[in-house]
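Here the structure comes first, spelled out in structure tokens, and everything after it is commentary.
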There are 2 protein chains.
Amino acid sequence: MIYSSELIKGTLKTIVLKMLEDNVRMYGYEMTQKVKELTKERIQITEGALYPTLHMLEQEGLVTTELEYNGKRARKYYSLSPEGKSKTTERVNELADFMNTMKFLLDIKTQTA
Amino acid sequence: MIYSSELIKGTLKTIVLKMLEDNVRMYGYEMTQKVKELTKERIQITEGALYPTLHMLEQEGLVTTELEYNGKRARKYYSLSPEGKSKTTERVNELADFMNTMKFLLDIKTQTA
DNA sequence: TGCTAATACTTAAGAATCTTATGTATCTTT
DNA sequence: AAAGATACATAAGATTCTTAAGTATTAGCA
């Protein structure tokens with residue numbers, strides 16, 4: 001089962017930041033594969049969504065990049081900047097908090113009745 | 001703390017359906033107040049987002065409506081149709097599943113290291 | 001060797017969904 | 001009487017995603 005795309009909306013940035021926190025240095029395509037693997041194919045990040053997001057994060061100064069060549073093939077590695085690190089903590093905490101609230105909302109009946 | 005609006009994206013429809021499942025019959029404004037109350041102000045559904053969503057749900061046949069007057073003031077009550085009920089179960093389950101996956105993604109480090 | 005699939009990045013057009021703003025009207029409280 | 005809360009609706013703009021197309025390299029296989 002692949003989650004409907006609506007659900008993933010709004011969480012992509014946070015996922016990317018978290019991946020970089022855990023893995024220190026990653027390139028875009030690698031992120032799509034890693035997330036796919038970790039979520040057992042349930043979350044599929046499309047390149048059309050990912051790359052613009054990475055460019056935004058770079059413009060915002062949350063990540064830095066290094067272009068490297070594996071043979072002739074270019075890979076653009078991303079790492080968290082200091083601001084990126086604190087932003088990651090913020091966002092992950094907010095998302096965790098949000099999910100707790102949502103779980104409460106979705107389970108009201110079971111919890112009160 | 002109010003959650004950044006990005007987080008709520010994609011969950012509004014599910015929240016509305018769940019509210020109707022728990023409360024049987026509600027009108028739009030009431031939903032905004034109920035969600036605000038239940039989430040201690042953390043989730044604020046704006047009317048500009050809610051009403052179009054309710055209209056969509058009606059067009060999709062997931063809810064039925066009844067217009068009632070409280071004095072001269074109109075209230076449009078919404079209820080789940082049979083299709084709406086099964087759709088609610090589907091969506092709530094999917095969201096719960098998605099949140100488990102996200103929790104796993106966000107906590108990898110704590111779980112593996 | 002030549003084809004296909006996978007790897008790796010980019011960007012543009014369109015769709016979906018939300019914010020912000022505005023409008024209308026009624027009712028309650030001060 | 002005015003202000004704020006209640007109750008609905010919708011339009012313009014912003015954001016973020018999907019879909020699609022393009023370019024190029026590398027790996028695997030028949």
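Any value given below was found using the heavy atoms of this structure, including those in side chains, with hydrogens, waters and symmetry copies removed. So you know, we letter chains A, B, ... as the sequences are listed, proteins then strands, and number each from 1.
Toward the 5′ end of DNA chain C lies the nearest nucleotide of A:P52, the other residue of the pair B:I8 and A:P52 mapping further downstream.
Across the protein-nucleic acid pair, A:Y69 atom OH and D:dA24 atom C1' stand 11 Å apart, rounded to whole Å. In this entry the distance linking CD of B:Q59 with C1' of D:dT10 reads 14 Å, nearest Å. One interatomic measurement links the two molecules: NZ of A:K9 to C1' of D:dC17, which rounds to 5 Å at whole-angstrom precision. Between A:H55 atom NE2 and D:dT16 atom C1' the separation is 15 Å, expressed in whole Å.
The structure places NZ of B:K85 at 7.0 Å from CG of B:L80, a figure rounded to the nearest 0.5 Å. We find the OG1-CG distance between B:T14 and B:N93 to be 10.5 Å, quoted to the nearest 0.5 Å. The NZ atom of B:K9 sits 14.5 Å away from atom CG of A:L7, with the distance rounded to the nearest 0.5 Å. Here the CE atom belonging to B:M26 is positioned 9.5 Å from the CD atom belonging to B:Q33, to the nearest 0.5 angstrom. Atoms CE and OH, on B:M31 and B:Y51 in that order, are 9.0 Å from each other to the nearest 0.5 Å.
First and last contacting nucleotides of DNA chain C toward chain A (any atom under 4.0 angstrom from a heavy atom, 5' to 3' order): C:dA6 to C:dT17.
Residues of residues 92-102 of chain A having a heavy atom closer than 4.0 Å to DNA chain D: none are found.
Under the side chain to side chain donor-acceptor pair (under 3.5 Å) test applied with A:T65, the options A:K76, A:E58, A:H55 reduce to a single match, A:E58. Each of B:D22, B:L12, B:T89, B:L57 was evaluated against B:L17; a single residue qualifies, B:L57, per the side chain to side chain contact (heavy atoms under 4.5 Å, CB included) test.
Side-chain atoms of A:T101 and B:Y3 form a donor-acceptor pair, as typed in the model, at a separation below 3.5 Å. A donor-acceptor pair shorter than 3.5 Å cannot be found between the side chains of A:K18 and A:N23.
When the shell of 6.0 Å around NZ of B:K13 is examined, it contains more than 12 heavy atoms from other residues, nucleotides or ligands.
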- What string of B, S and - do you get for nucleotides 1-7 of chain D 5' to 3' if you count protein non-hydrogen atoms under 4.0 Å? ----BBS
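Not a single donor-acceptor pair under 3.5 Å links the side chain of B:K36 to the backbone N or O of B:Q44.
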